[in-house]
J.: 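The structure is given below, and queries will be raised subsequently.
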Amino acid sequence: MKNKLIIAGNWKMNKTPNECRILAKEIISSLNGIMGIHVIFSPPFTGLNEIETSNPFFKAAQNCYFEQSGAFTGEVSIEMIKSCDATHVIIGHSERRMLFNEDNYTINQKILAVKKNGLIPIFCIGESLEDRNNGSTEKKISDQIEKGLIGIDSLEGLVVAYEPVWAIGTGVAASPKEIEDIHKFIHNVLKNIDKKHYTQVLYGGSVKPENSEELIRVPGVDGFLIGGASLNVDSFVSIAKAMEKYRSN
Ligand code: 13P
């Protein structure tokens with residue numbers, strides 16, 4: 001039996017505050033009473049305060065800055081995120097790495113700050129198509145993990161999301177075998193950092209109702225981080241229900 005599973009919806013730069021409120025409300029009412037699964041909504045910052053959650057529903061910011069306050073125009077502090085009752089922060093999403101030049105050092109600073117402030121980082125890692133084609137997937141992943149977690153001895157209160165860049169938004173998810181192999185590798189790298197705590201590792205990249213039943217069975221997959229399919233009530237709810245069904249069997 002796997003640990004409690006996580007389904008997280010990364011809404012990226014979509015939905016006005018009012019649309020965020022409506023989407024979360026509809027999903028919560030459809031998933032009322034769901035068992036064994038934590039459901040996390042990650043709206044844009046402007047939507048965080050619009051969503052009301054209580055266990056097993058939670059809120060995540062999509063990013064943060066690591067300084068506490070001050071002259072950092074355009075940035076949002078962890079304190080501000082906390083005051084919206086968010087419990088998690090997505091860190092190091094590949095879109096942040098590629099489009100906003102976030103490197104392993106910045107990501108490490110953010111993870112340290114999120115943990116210090118008592119929130120849970122959802123730490124994203126994943127190789128590009130180029131990495132995969134030239135055989136450097138494992139090197140890239142271990143580098144991202146080790147550099148992102150410098151200075152962290154205990155992995156309690158950390159979630160990892162493996163999102164191969166080539167599977168994000170393409171409609172083509174990694175295969176169950178590819179996911180199984182890399183999740184096993186990731187769990188081993190994490191174990192070398194902290195033997196005591198089991199870290200939940202989510203898969204992300206073109207997860208949809210059509211493949212969620214198969215992908216949730218893959219050993220080492222503790223849930224999903226979902227982009228496109230999280231923007232629609234029916235598809236998100238159907239994935240969550242497939243996970244619940246798998247867990248209850
Ligand atoms: P898609 O589910 O749209 O492929 O996006 C995945 C993702 O980037 C979630 O963070």
Side-chain angles (χ1 to χ4, degrees), residues 1-10 34-43 45 48 51 53-68 75-94 96-97 102 104-126 141-163 182-204 220-226 243 247:
M1 170 67 94
K2 292 183 182 179
N3 274 0
K4 198 172 259 262
L5 300 173
I6 294 174
I7 179 169
N10 175 8
I34 192 161
M35 301 286 285
I37 297 175
H38 280 169
V39 182
I40 304 174
F41 302 114
S42 193
F45 288 126
L48 275 177
I51 301 175
T53 48
S54 60
N55 195 348
F57 300 95
F58 300 89
K59 295 191 277 190
Q62 295 174 15
N63 181 29
C64 69
Y65 196 52
F66 51 79
E67 295 287 356
Q68 285 206 299
E75 295 297 318
V76 173
S77 76
I78 300 162
E79 185 76 30
M80 294 166 191
I81 291 166
K82 238 173 144 171
S83 77
C84 298
D85 294 325
T87 45
H88 297 67
V89 186
I90 297 175
I91 301 289
H93 191 279
S94 66
R96 303 261 0 134
R97 292 177 189 261
E102 282 196 19
N104 289 326
Y105 172 77
T106 312
I107 289 163
N108 176 240
Q109 296 296 300
K110 292 184 177 188
I111 292 176
L112 286 166
V114 170
K115 281 192 107 239
K116 190 169 150 213
N117 281 277
L119 297 191
I120 299 173
I122 301 176
F123 171 30
C124 299
I125 53 174
I141 300 283
S142 58
D143 224 49
Q144 288 176 335
I145 298 176
E146 281 155 11
K147 291 187 175 147
L149 296 180
I150 287 173
I152 294 173
D153 305 321
S154 166
L155 298 187
E156 196 178 6
L158 178 90
V159 173
V160 167
Y162 167 63
E163 300 203 303
I182 199 75
H183 275 237
K184 191 171 172 196
F185 177 77
I186 292 166
H187 280 294
N188 281 335
V189 176
L190 293 167
K191 250 186 253 156
N192 282 337
I193 296 172
D194 178 359
K195 278 187 190 57
K196 274 196 252 143
H197 297 100
Y198 179 83
T199 304
Q200 286 169 294
V201 180
L202 315 182
Y203 168 75
V221 170
D222 301 294
F224 299 129
L225 179 57
I226 305 170
M243 293 167 69
R247 209 173 175 276

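Treat the numbers as computed from the prediction; the structure is a model and nothing was measured.
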J.: Does atom NZ of Lys184 have more than 12 heavy-atom neighbours, drawn from other residues, nucleotides or ligands, at distances under 6.0 Å?
T.: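 It does not: Lys184 NZ has 12 such atoms or fewer within range.
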J.: Using a 4.5 Å cut-off on heavy atoms from C-beta on, say whether the side chain of Ile7 contacts that of Ile226.
T.: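 In contact.
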J.: If we only count heavy atoms from C-beta on, is the Ile111 to Leu149 side-chain gap below 4.5 Å?
T.: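 Contact flag for Ile111/Leu149 side chains = yes.
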J.: Please walk me through it: do Ile78 and Leu119 pass side chain to side chain contact (heavy atoms under 4.5 Å, CB included)?
T.: CA-CA 8 Å; Ile78 300 162; Leu119 297 191; 3.8 Å; yes
J.: Are more than 12 heavy atoms from other residues, nucleotides or ligands located less than 6.0 Å from atom CD of Glu67?
T.: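 Yes.
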J.: Are the side chains of Ser154 and His197 in contact, using a 4.5 Å heavy-atom criterion?
T.: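 His197 reaches Ser154 side chain to side chain.
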J.: Provide the closest heavy-atom pair for Ala60 versus Leu48 in the form atom of the first, atom of the second, distance.
T.: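 Nearest heavy atoms, Ala60 then Leu48: O-CD2, 3.7 Å.
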J.: Does Cys64 offer a backbone N or O that forms a donor-acceptor pair with the side chain of Lys110 under 3.5 Å?
T.: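 Yes, because the side chain of Lys110 sits within donor-acceptor range (under 3.5 Å) of the backbone of Cys64.
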J.: Among Asp153, Val159, Ile152, which residue meets the side-chain contact (heavy atoms from CB on, under 4.5 Å) test with Leu155?
T.: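 Single pass found, and it is Ile152.
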J.: Taking the side chain as every heavy atom from C-beta outward, state whether Ile40 and Ile122 have any atom pair closer than 4.5 Å.
T.: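 When only atoms from C-beta onward are counted, Ile122 and Ile40 do touch, with a gap below 4.5 Å.
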J.: Which pair of non-hydrogen atoms, one from Ile34 and one from Pro56, has the smallest distance, and what is that distance?
T.: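 Smallest interatomic distance, heavy atoms only, reads CG2-CG, 4.0 Å.
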J.: Calculate, to the nearest 0.5 Å, the distance between atoms CD1 and CG belonging to Ile145 and Asn104 respectively.
T.: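 If we round to the nearest 0.5 Å, Ile145:CD1 and Asn104:CG are 10.5 Å apart.
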J.: Output yes when a side-chain donor or acceptor of Gln144 lies under 3.5 Å from a complementary backbone atom of Gly126, and no otherwise.
T.: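 Looks like yes, one N/O pair under 3.5 Å.
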J.: What do the steps show when you test Asp222 against Tyr203 for side-chain hydrogen bond (donor to acceptor under 3.5 Å, both in side chains), and what is the final call?
T.: CA-CA 8 Å; Asp222 301 294; Tyr203 168 75; over 6 Å; no
J.: How many angstroms lie between NE2 in His93 and CG in Leu225, if you round to the nearest 0.5 Å?
T.: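 If we round to the nearest 0.5 Å, His93:NE2 and Leu225:CG are 6.0 Å apart.
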J.: What's the spacing between Ile37 CD1 and Phe224 CZ if we round to 0.5 Å?
T.: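 The CD1 atom of Ile37 sits 10.0 Å away from the CZ atom of Phe224.
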J.: Are Arg97 and Glu102 ion-paired here, with the side-chain N under 4.0 Å from a carboxylate O?
T.: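 The answer is no: the pair does not qualify as a salt bridge.
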J.: Just wondering, do Lys147 and Asn108 contact through their side chains at under 4.5 Å, heavy atoms?
T.: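 They are not in contact (no side-chain heavy atoms under 4.5 Å apart), so the answer is no.
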J.: Determine the minimum heavy-atom distance between Gln62 and Arg96, stating which atoms define it.
T.: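 Nearest heavy atoms, Gln62 then Arg96: O-CD, 4.4 Å.
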J.: Test side chain to side chain contact (heavy atoms under 4.5 Å, CB included) on Leu158 and Asp194; report intermediate values, then the result.
T.: CA-CA 11 Å; Leu158 178 90; Asp194 178 359; over 6 Å; no
J.: Would you say the side-chain atoms of His38 pair up with the backbone N or O of Phe57, donor to acceptor, closer than 3.5 Å?
T.: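 Such a contact is absent between His38 side chain and Phe57 backbone.
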J.: OG/Ser77 to CZ/Phe66 distance, rounded to the nearest 0.5 angstrom?
T.: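 Between atom OG of Ser77 and atom CZ of Phe66 there are 13.0 Å.
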J.: Ignoring hydrogens and geometry, is there a side-chain-to-backbone donor-acceptor pair from Lys82 to Asn117 under 3.5 Å?
T.: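 Indeed, once roles are kept as given, a pair shorter than 3.5 Å links the two residues.
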J.: Distance check, rounded to the nearest 0.5 Å: Phe123 atom CZ versus Leu190 atom CG?
T.: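 Spacing of CZ (Phe123) from CG (Leu190) equals 8.5 Å.
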J.: On a heavy-atom basis, which atom in Ile90 and which in Ser42 lie closest, and how many Å separate them?
T.: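 Between these two residues, the closest heavy atoms are CD1-OG, 3.5 Å.
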J.: Could you walk me through whether Tyr65 and Val76 pass the side chain to side chain contact (heavy atoms under 4.5 Å, CB included) check?
T.: CA-CA 6 Å; Tyr65 196 52; Val76 173; over 6 Å; no
J.: Are the side chain of Gln200 and the backbone of Lys4 linked by a donor-acceptor contact shorter than 3.5 Å?
T.: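 Confirmed, Gln200 side chain pairs with Lys4 backbone.
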J.: Can you tell me if Lys59 uses its side chain to pair, donor with acceptor, with the backbone of Thr87 under 3.5 Å?
T.: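 No.
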J.: Can you tell if the side chain of Tyr198 reaches within under 4.5 Å of the side chain of Lys191, non-hydrogen atoms only?
T.: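 No, side chains not in contact.
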J.: Using a cut-off of 6.0 Å, state whether more than 12 heavy atoms not belonging to Glu75 lie near its atom CD.
T.: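 Result for CD/Glu75: enclosed.
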J.: To the nearest 0.5 angstrom, please state how far the CD1 atom of Ile91 sits from the CD1 atom of Ile125.
T.: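 Going from CD1 on Ile91 over to CD1 on Ile125, the span is 14.0 Å.
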J.: Is any side-chain heavy atom of Pro121 closer than 4.5 Å to one of Lys115?
T.: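 When only atoms from C-beta onward are counted, Pro121 and Lys115 do touch, with a gap below 4.5 Å.
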J.: Report the C-alpha distance between Ile182 and Ile186 in whole Å, list the side-chain angles of each, state the deciding distance to 0.1 Å, and finish with yes or no for side chain to side chain contact (heavy atoms under 4.5 Å, CB included).
T.: CA-CA 6 Å; Ile182 199 75; Ile186 292 166; 4.2 Å; yes
J.: Side chains of Tyr162 and Leu202, heavy atoms from C-beta outward: is any pair under 4.5 Å?
T.: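 Result no, sub-4.5 Å side-chain heavy-atom pair not found.
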